[in-house]
Amino acid sequence: MGRQFTNRVLVTGGCGFIGSHVCERLIEGGADVLCVDNFFTGSRANVEELLAHPRFELLRHDVTMPLYVEVDQIFNLACPASPVHYQFDPVKTTRTSVQGAINVLGLAKRLKINVLQASTSEVYGDPSVHPQTEDYWGNVNPIGPRSCYDEGKRCAEALFFDYRRQHQTAIKVARIFNTYGPRTHPSDGRVVSSFIVQSLLDADITVYGDGSQTRSFCYVDDTVAALLRLMDSPFDVTGPINVGNPNEISMRDLAELIIDLTGSSSRIVYRPLPQDDPCRRRPDISRANEQLGWSPRIGLKEGLLKTINHFNELLMRPSLRSDIGALYEGNHV
Ligand code: NAD
Ligand code: UDP
Ligand code: UDP
């Protein structure tokens with residue numbers, strides 16, 4: 001009997017929110033997964049159910065250091081994604097994006113394999129084109145508090161396209177828009193998880209600014225489906241390609257929707273708008289539709305209900321409830 005070929009896939013940032021879902025889908029699809037993470041914002045708990053799986057391997061490693069392994073595909077997701085976490089050590093954030101990109105590209109070049117970059121809608125900055133199409137070059141403050149993330153990701157995109165031009169590396173660049181779902185870190189300040197936890201604790205819901213700024217939220221299963229399709233697309237499909245759900249909503253409406261879905265008695269309080277917070281964001285996903293045959297399937301209400309269930313279960317664990325509750329102390333009605 002001939003040996004069966006299994007695809008061995010490297011997932012950097014595999015213990016994070018999106019990464020852990022990517023690892024899960026890959027294992028379900030029969031691949032071998034090498035998950036690499038430095039546990040800055042991710043944790044073993046996120047891949048708990050995979051740890052005993054014979055095709056799953058976890059390596060504690062920082063992507064700013066070279067990595068010599070033998071794999072067939074690379075998903076490069078390593079990078080803190082929430083403003084609170086990426087601004088904690090901004091120099092490290094830039095190094096992770098830039099040096100991390102050089103290392104995975106060097107690896108992909110040596111092995112002649114596909115490498116996918118988790119880029120972001122933040123490359124558009126505070127956009128003056130709406131909705132955002134991939135040919136829009138963006139409006140980014142190069143020296144502001146978000147620039148470590150925005151410019152780091154922009155430089156990573158430039159590196160990906162230079163490796164393609166210089167070395168014919170098989171690159172795939174996904175510009176991911178706000179993604180939510182189970183396993184977002186409850187304390188990383190991202191809006192969906194924050195509003196849900198605040199609602200479940202009947203704490204004040206903190207809307208920044210007047211809440212008129214918009215985002216378009218994509219449920220994690222939809223985002224991951226797009227990333228897997230992009231990875232398996234032909235050599236000429238390089239991206240950049242927007243991955244998101246065009247369903248745009250203001251933060252005030254989001255707060256009201258979450259209060260409604262949780263039946264919470266929380267009230268909305270208004271806090272200062274962080275510097276350079278984009279006013280509007282909505283992806284044009286025609287390219288993903290045409291080139292990948294992909295569009296999101298899970299509506300906002302359905303996805304929020306799944307996410308609410310997840311945080312409800314987390315909060316039922318007494319130790320977690322008190323840890324998470326402490327984050328919102330002084331925030332109670
Ligand atoms: P996350 O913070 O949950 O996951 C990031 C993971 O990368 C964590 O497990 C973290 O420990 C790991 N990591 C960070 N620095 C590292 C380093 N130097 N070496 C090794 N591992 C490192 O964030 P996420 O939401 O899962 O985002 C994953 C990727 O998707 C990121 O690259 C992010 O920029 C991108 N993205 C996410 C969103 C979103 O809405 N969630 C939107 C756009 C882009
Ligand atoms: N690299 C790596 N693993 C590999 C090959 C390369 O981590 O299997 C890193 C290595 O640190 C190198 C970087 O990727 O500096 C870029 O590699 P490339 O071959 O493009 O350039 P080099 O710097 O080796 O000339
Ligand atoms: N936001 C908010 N209250 C919070 C956290 C965030 O009103 O407790 C707002 C934030 O100002 C931004 C939007 O929600 O306008 C999305 O923020 P997030 O940090 O989730 O993502 P990003 O700004 O990176 O899109």
Side-chain angles (χ1 to χ4, degrees), residues 11-22 35-43 46-47 59-71 75-86 89 92-93 95-97 99-111 117-123 146 149 152-153 156 159 163 166-167 169 174-181 183-185 188-195 197-198 205-218 220 223 227 243-244 250-252 254-255 268 270-274 276-279 281:
V11 182
T12 75
C15 291
F17 160 50
I18 300 180
S20 62
H21 289 273
V22 169
C35 169
V36 162
D37 206 293
N38 71 348
F39 302 126
F40 175 45
T41 52
S43 65
N46 281 342
V47 292
L59 174 67
R60 183 182 197 128
H61 174 83
D62 192 307
V63 294
T64 60
M65 306 300 284
L67 179 64
Y68 287 82
V69 289
E70 308 306 312
V71 290
F75 286 87
N76 186 38
L77 273 68
C79 185
S82 87
V84 172
H85 282 148
Y86 69 64
D89 184 348
K92 174 72 190 201
T93 299
R95 285 183 60 210
T96 293
S97 275
Q99 191 59 55
I102 291 174
N103 287 334
V104 295
L105 285 162
L107 183 58
K109 173 186 142 195
R110 177 174 66 81
L111 298 172
Q117 168 68 357
S119 190
T120 166
S121 52
E122 282 283 320
V123 301
R146 295 173 89 100
Y149 184 71
K153 289 284 188 180
L159 285 162
Y163 267 75
Q166 234 176 306
H167 306 296
T169 307
R175 289 187 180 151
I176 304 171
F177 284 63
N178 295 66
T179 294
Y180 70 101
R183 302 201 204 109
T184 29
H185 198 295
D188 74 6
R190 278 188 265 198
V191 69
V192 172
S193 45
S194 298
F195 285 1
V197 171
Q198 289 165 345
I205 298 207
T206 51
V207 169
Y208 299 160
D210 64 3
S212 62
Q213 73 274 28
T214 66
R215 295 292 187 272
S216 305
F217 296 100
C218 191
V220 64
T223 299
L227 299 182
V243 171
S250 74
M251 295 310 100
R252 202 173 36 225
L254 178 72
I268 295 176
Y270 292 90
R271 298 279 178 264
L273 188 68
D276 297 339
D277 200 288
C279 298
R281 184 181 286 159

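Sequential numbering from 1 along the given sequence is applied to the chain's residues. In listed order, ligands and their atoms are each counted from 1.
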Any idea which atoms of ligand 2 are less than 4.0 Å away from a heavy-atom of [X]?
X: I102; answer: 13 (C), 14 (O), 16 (C)
X: Y163; answer: 16 (C), 17 (O), 18 (P), 20 (O)
X: P66; answer: 7 (O), 11 (O)
X: K109; answer: 18 (P), 19 (O), 20 (O)

Exercise answer, ligand 3 polar atom pairs (N/O) under 3.5 angstrom:
residue, atom, partner, partner atom, Å
ligand 3, 3 (N), T206, O, 2.6
ligand 3, 7 (O), Y208, N, 2.8
ligand 3, 8 (O), T206, O, 3.2
ligand 3, 8 (O), T206, OG1, 3.0
ligand 3, 11 (O), D277, OD2, 2.6
ligand 3, 15 (O), Q213, NE2, 3.1
ligand 3, 15 (O), R215, NH2, 3.3
ligand 3, 15 (O), D277, OD1, 2.6
ligand 3, 15 (O), D277, OD2, 3.4
ligand 3, 20 (O), V191, N, 2.8
ligand 3, 21 (O), N178, ND2, 3.4
ligand 3, 23 (O), R146, NH2, 3.0
ligand 3, 23 (O), R215, NH2, 3.1
ligand 3, 24 (O), R146, NH2, 3.2
ligand 3, 25 (O), N178, ND2, 2.9
ligand 3, 25 (O), R215, NE, 2.7
ligand 3, 25 (O), R281, NH1, 2.8

ask   = F39 heavy atoms, cut-off 4.0 Å: which ligand 1 atoms fall inside?
value = 11 (O)
query = Is the side chain of E122 donor-acceptor paired with the backbone N or O of A81 at a distance under 3.5 Å, no angle test?
reply = no
request  = State whether the shortest distance between N or O atoms of S119 and N or O atoms of ligand 1 falls below 3.5 angstrom.
outcome  = no
inquiry  = N103 versus ligand 2: do any nitrogen or oxygen atoms come within less than 3.5 Å of each other?
reply    = yes
Out of [options], whose heavy atom is nearest to [atom]?
atom: atom 12 (C) of ligand 1; options: L77, I18, D37, I176; value: D37
atom: atom 10 (C) of ligand 1; options: N178, V22, V243, T41; value: T41
atom: atom 7 (O) of ligand 1; options: S97, S82, C79, G244; value: C79

